[in-house]
Amino acid sequence: MRAIFFSTTFRTRLILQQCLISKRLNSIYSPSYGPGNFYHLDHVDLNESKFDKILIANRGEIACRVIRTCQAMGIKTVAVHSDIDHNSLFVKMADEAICIGPAPTKLSYLNEDAILNAVKSSGAQAVHPGYGFLSENTKFAKKLSDHNVEFIGPSSESILAMGDKIESKRIAKKANISMIPGFDGEVNDVEHCVQISRDIGYPVMIKASAGGGGKGMRVAWNDEEARENFKLCKGEAASSFGDDRLLVEKFIDNPRHIEFQILGDKQGNVFYLNERECSIQRRNQKVIEEAPSVFLDDITRRKMGEEAVQLAKAVGYYSAGMCTVEFMVDSQKNFYFLEMNTRLQVEHPITEATIGIDLVHQMIRVAKGHSLRFKQEDIKFHGWAIECRVYAEDPYKAFGLPSIGRLTSYKDPSFIPNVRCDSGITEGSEISLYYDPLICKLTTFGKNRSEALTTMAQALDAYVIRGVTNNIPLLRDIITEERFVKGDITTKYLPTVYPQGFKGKMLNDQERLSLTAVAACVAVKSSIRDGSFKNMLRQTVRSLPKTYTYEILLNDKKVLCHVKASAENKQFEVQIDDNIPVFIDDNFKLSDHVIHAHVNNEIIALQLFKMESTGNVTLIYLGTKYELRVLPEAAAKYMSIMPEKKAIDYASVLISPMPGIVKSVNVQVGQSVSDGQEVCIVEAMKMQNKLTAGRAGKVKFVGIKEGDTVEDGKILIELE
Amino acid sequence: MNLARNFLRNTVHSSQLIRSFSSSSSNALKVKNEVKRKRELALVGGGTKRIEKQHQKGKLTARERLEVLLDPKSFVEYDMFVEHRCNDFGMDKEKYYGDSVITGHGLINGRPVYVFSQDFTVFGGSLSSVHAQKICKIMDQAMLVGAPVIGLNDSGGARIQEGVESLAGYADIFQRNVLASGVIPQLSLIMGPCAGGAVYSPALTDFIFMVRQTSYLFITGPDVVQSVTNENVTQEELGGANSHMTKSGVAHFAYDNDIDTLLRTRELFNFLPLSNKDPTPIRECDDSPNRLVDSLNTVIPLESTAAYDMKEVIYATVDEHDFFEVMPEWAKNIIVVGIVANQPKSMAGCLDINASVKAARFVRFCDAFNIPLLTFVDVPGFLPGTSQEHNGIIRHGAKLLYAFAEATVPKITIITRKAYGGAYDVAVMGAQGAVKIIFREGKNVKDKELEYIDKFANPFPAAIRGFVDDIIEPNQTRKRICRDLNLLAGKQLDNPRKKHANMPL
């Protein structure tokens, strides 16, 4: 074990940094509506007794999140981290940092002994587990209480009762909570799984007993899928949670996922802090969450909230601090108990933004033994909040397959009013294979849903992320998509709205015109600048042309563009084919992170992602990256003569869709495979991804073996 | 002055024309029409059929290429009416105005450049004596004026019908290539075949661009190779863009087609001074010299042996991430462009023969044209092994040393992590190696290793002795470089006068 100590100068800088951060917490988060202060319902009382020092047994954004509240409360913090995280933001923010092992989570963030040692050596009085990792680990909570260290969260008994899905179902059933038909026991083996599935009736959901967050959860529609998914889930459950027990339940069609935030204290108060709707999911993992839900009326809300509280109380959940009761709600507003999470949820910021309570503050207070200082009647929605999970993943592949890389450029939009960014990364951070690919939880809030959505669009447009593929294109498209805007959503939203998968924003004529016009202006500006030397006395005095002509190619469609640049008006007049000319203000620089172009007096936001001398211009517009080819007249004239580049035959080669670790290779050179046959499994971010042959044929080349680390785009297997 | 004479000759010529015009209006009209007719003929080179054929191969014609390369309407042509002088083998019946090359000058982003573009539609672009003369004329002018020369090569080789006269033409061009070297930048674009003796003209120039799939560069073609060595090899394998980019290191850049190649040439041109007497161009830029580069704080991994991409350091440091890499696919362990950097991502960034040669050549180009040198060092040392030693790593490594020592331009070196051995004495070698030598029979080798790490594997020993000027925070890199470059712009240093140095070639 290795401890990292900071030098004095470094520490001073850190303290300054921390001051800035805690200042940010109060100023930037203050909404421009409602009661003013972000956490208006209960303020930090510095005179209240508190822990002196808290260790955060987590990493990334949630560690930063907990540290911020600790700072506001005047509590010292200890970060524990793996070696590759040594430079991370949360490590820099904490007062102390202790390295607990190498990158793999089993050796670091799940390494209970190393963390216990860190607790002892740092003298922390309490441990905040964040979410994931050890947050619902009864053994760990028990070990802490054996050492007289407070676990900020429910007692190990409560976790045992509630955290385990099988156990919690038994309890809920006893308490008469509405349940989904299912098998409340452990599934023994593949055939047992098939038997249970038949009893319940397909479709069924197979999921890890210890799971959450969509990992180790799969739907089966028939016996064959039940067998296959049982195996995959078991593997995922083991690698994600170190517990491979599975359960099976009825799968409900067209459901909404609505969950209730519960907060309790050791004095027996248990309140519900209203709902969050988390229906926008892919592979059972949440993408966009909001509070309140457009679907619930006050009566249903109260019914569900009270049932959630009743459940919590029924199981003696009074010393717990915080939990979330998840329901599935069908179109008739019938709701079924799904599961209970005894931890701080990822999406807690939307509750904080709408209810006005710092949930981490309350967790820490309750753990210290203080009682809640508000009543159920105080809980009201103030405005609307939406959270988008910005992930390092490629949304064009199965709505998001993980990607990795270094954030070579990173500017979050937290400077925009009513925007909150919960992020553990900074420019230069590395998104690695080892951990969750979350870049940021982007929360916006407003008086109502449409205001929050408008702010979300602005925030996503202003979000600058370079070096890592991210899912902003998908997020940006959803928040303006008709069904979503109407609130007509289910957990099937993505496959229903994008049956062919996400293909990027489909531009209408006006948007296409604007994008093309901006690309033309970028080309003109670049052309003018290419000739603007500061020290070339011998440069022939350039009489700049009055009109620039380009041929612009976008999605296989060519248009002719004439741009008149007027230096006096600082304006471009862009004529595209025979459309009415577009006027664009020359108010941006080519190096601007975000270009706010005034197109016909309307402001649109674009990002110039790439510009090459060959005329390739990549612009981000409405979230999606568009590759345009802007060619000057002479080059455009001859482009058709150029030979076409040979395209790769994707049916014959299997390319790794994401970086990951090869879990198994099921074919050998010379072996015949059929179309769709599984040839290998690549695990990335704890998700096992089955890769199949694109056509039938004989295997010509196998470029991988079990245990290999592969990059995105690597050729894994080739067919003859 | 050669140039003046040329211009004078042109003037006299046209005034004579004017005089003859006035003698008889009908004759004048005839001549005028004749000029028009010949010009039109010259513009179609070898005729529409051959142009068609050229297009079918995915290649542009000589004129179309110039249209894409140069600023619109800036091309001024010379010697359009020149004809070849060969009367043997029925050649007198087949003549094309301008013969098989188009020459002249034009502008790239407003700056002058001389160009020649070989016309494959005329006798397969073969080099006749007048073809060579036309090229020599613009090269002479370029030297006098002080402007770069860009040669677009697309030629089957010597004009066989002309025999030695054609070969003499090559000699004249080579001589001019050599004399112009270091005086004006010379760029060669290989856009079709370039074989036999012809390859040495591009080889003598500063940068070679190739077009993938349609250009070849070799001394002897596949047929000769087959008959002499029995090797069966395609043109593409033998001398295509891929071979020269990845294996031989002959080509500096390769792109997918003619248009990409020509547009990229414009891009490179913008980085180059017009001649060794002209300043390095400074173009408008919106990137502040004081920008802090925070991403550099985390780019270097903790372990001294872990790889990282030096290009990330470069991209993050330079103006607006604008970086034009020379030889991106050859000797990937070293990156160059006014910047020379070890690449830890490839072969741990160590120096081998290819890396030394790549860097040395580039350093000399920069020095010749007063382009300051920025060096990013992260090098474990020279690559060990018999293959390296027997192939002359001593000789080739000396080139790099020589080039750097000879360079008088401002030189700034940033050591990003380690600089061992021949690279720079931050430490003579890595701790493990050193411990093995200092304590040949020690038992507690690990302890000794730690002692060596403590003593030398940090910047202090070098800083204490003044071998490094400062230890900087990574995010300050750009700011410091910009300040120093500004200051060093006034650097004046002359090496002793000599006929020429004896570089370890």
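Sequence lines set the chain letters: A, B, ... in the order given, protein chains first and strands last, and positions in each chain run from 1.
Both the backbone and the side chain of B:Asp260 have a heavy atom closer than 4.5 Å to some heavy atom of chain A. Interface residue A:Leu631: only side-chain heavy atoms are found under 4.5 Å from chain B. If you measure heavy-atom distances from A:Met611 to chain B, you find no contacts under 4.5 Å at all. Heavy-atom distances place no part of B:Asp322 under 4.5 Å from chain A, backbone and side chain included. Interface remark: A:Arg629 contributes side-chain atoms only to the contact with chain B (heavy atom separation under 4.5 Å). In this structure, the portion of B:Glu312 lying under 4.5 Å from any heavy atom of chain A is its side chain and not its backbone. Interface residue A:Ser429: only backbone heavy atoms are found under 4.5 Å from chain B.
A donor-acceptor pair is defined here as one N or O able to donate and one able to accept, closer than 3.5 Å; such a pair exists between the side chain of B:Asn270 and the backbone of A:Asp530. Between the side chain of A:Asn535 and the backbone N or O of B:Ile282 there is at least one donor-acceptor pair closer than 3.5 Å. A:Thr614 places no side-chain N or O within donor-acceptor distance of the main-chain N or O of B:Leu263, the cut-off being under 3.5 Å.
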*Start with the C-alpha gap between B:Glu67 and A:Lys637, add the side-chain angles, then the distance that decides, and say whether salt bridge (charged side-chain N to carboxylate O under 4.0 Å, His left out) holds.*
CA-CA 10 Å; B:Glu67 207 182 326; A:Lys637 200 162 57 178; 2.7 Å; yes
*Could you go step by step and tell me if B:Asn257 and A:Met639 meet the side chain to side chain contact (heavy atoms under 4.5 Å, CB included) rule?*
CA-CA 9 Å; B:Asn257 57 48; A:Met639 206 59 213; 4.0 Å; yes
_Verdict with reasoning, B:Leu60 to A:Met642, per side chain to side chain contact (heavy atoms under 4.5 Å, CB included)_ = CA-CA 8 Å; B:Leu60 297 182; A:Met642 296 299 101; 3.6 Å; yes
*Could you please spell out the steps behind the side chain to side chain contact (heavy atoms under 4.5 Å, CB included) verdict for A:Thr408 and B:Tyr315?*
CA-CA 9 Å; A:Thr408 50; B:Tyr315 277 112; over 6 Å; no
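Between A:Arg406 and B:Asp294 no salt bridge is recorded (no basic side-chain N to carboxylate O distance below 4.0 Å). A:Arg529 has a carboxylate O that lies under 4.0 Å from a charged side-chain N of B:Glu320, or vice versa, which qualifies the two as a salt bridge. In this structure, A:Glu612 pairs ionically with B:Arg264, as a charged nitrogen and a carboxylate oxygen lie closer than 4.0 Å.
Note: A:Glu430 CD to B:Ser295 OG = 11.5 Å, rounded to the nearest 0.5 Å. With rounding to the nearest 0.5 angstrom, the CD1 atom of A:Ile528 is 11.5 Å from the CG atom of B:Asn109. To the nearest 0.5 Å, atoms OG (A:Ser527) and CZ (B:Arg266) are separated by 7.5 Å. Rounded to the nearest 0.5 angstrom, B:Thr61 OG1 and A:Tyr638 OH are separated by 6.5 Å.
Between chain A and the options B:His321, B:Gln56, B:His55, the largest number of non-hydrogen pairs under 4.5 Å is found for B:His55.
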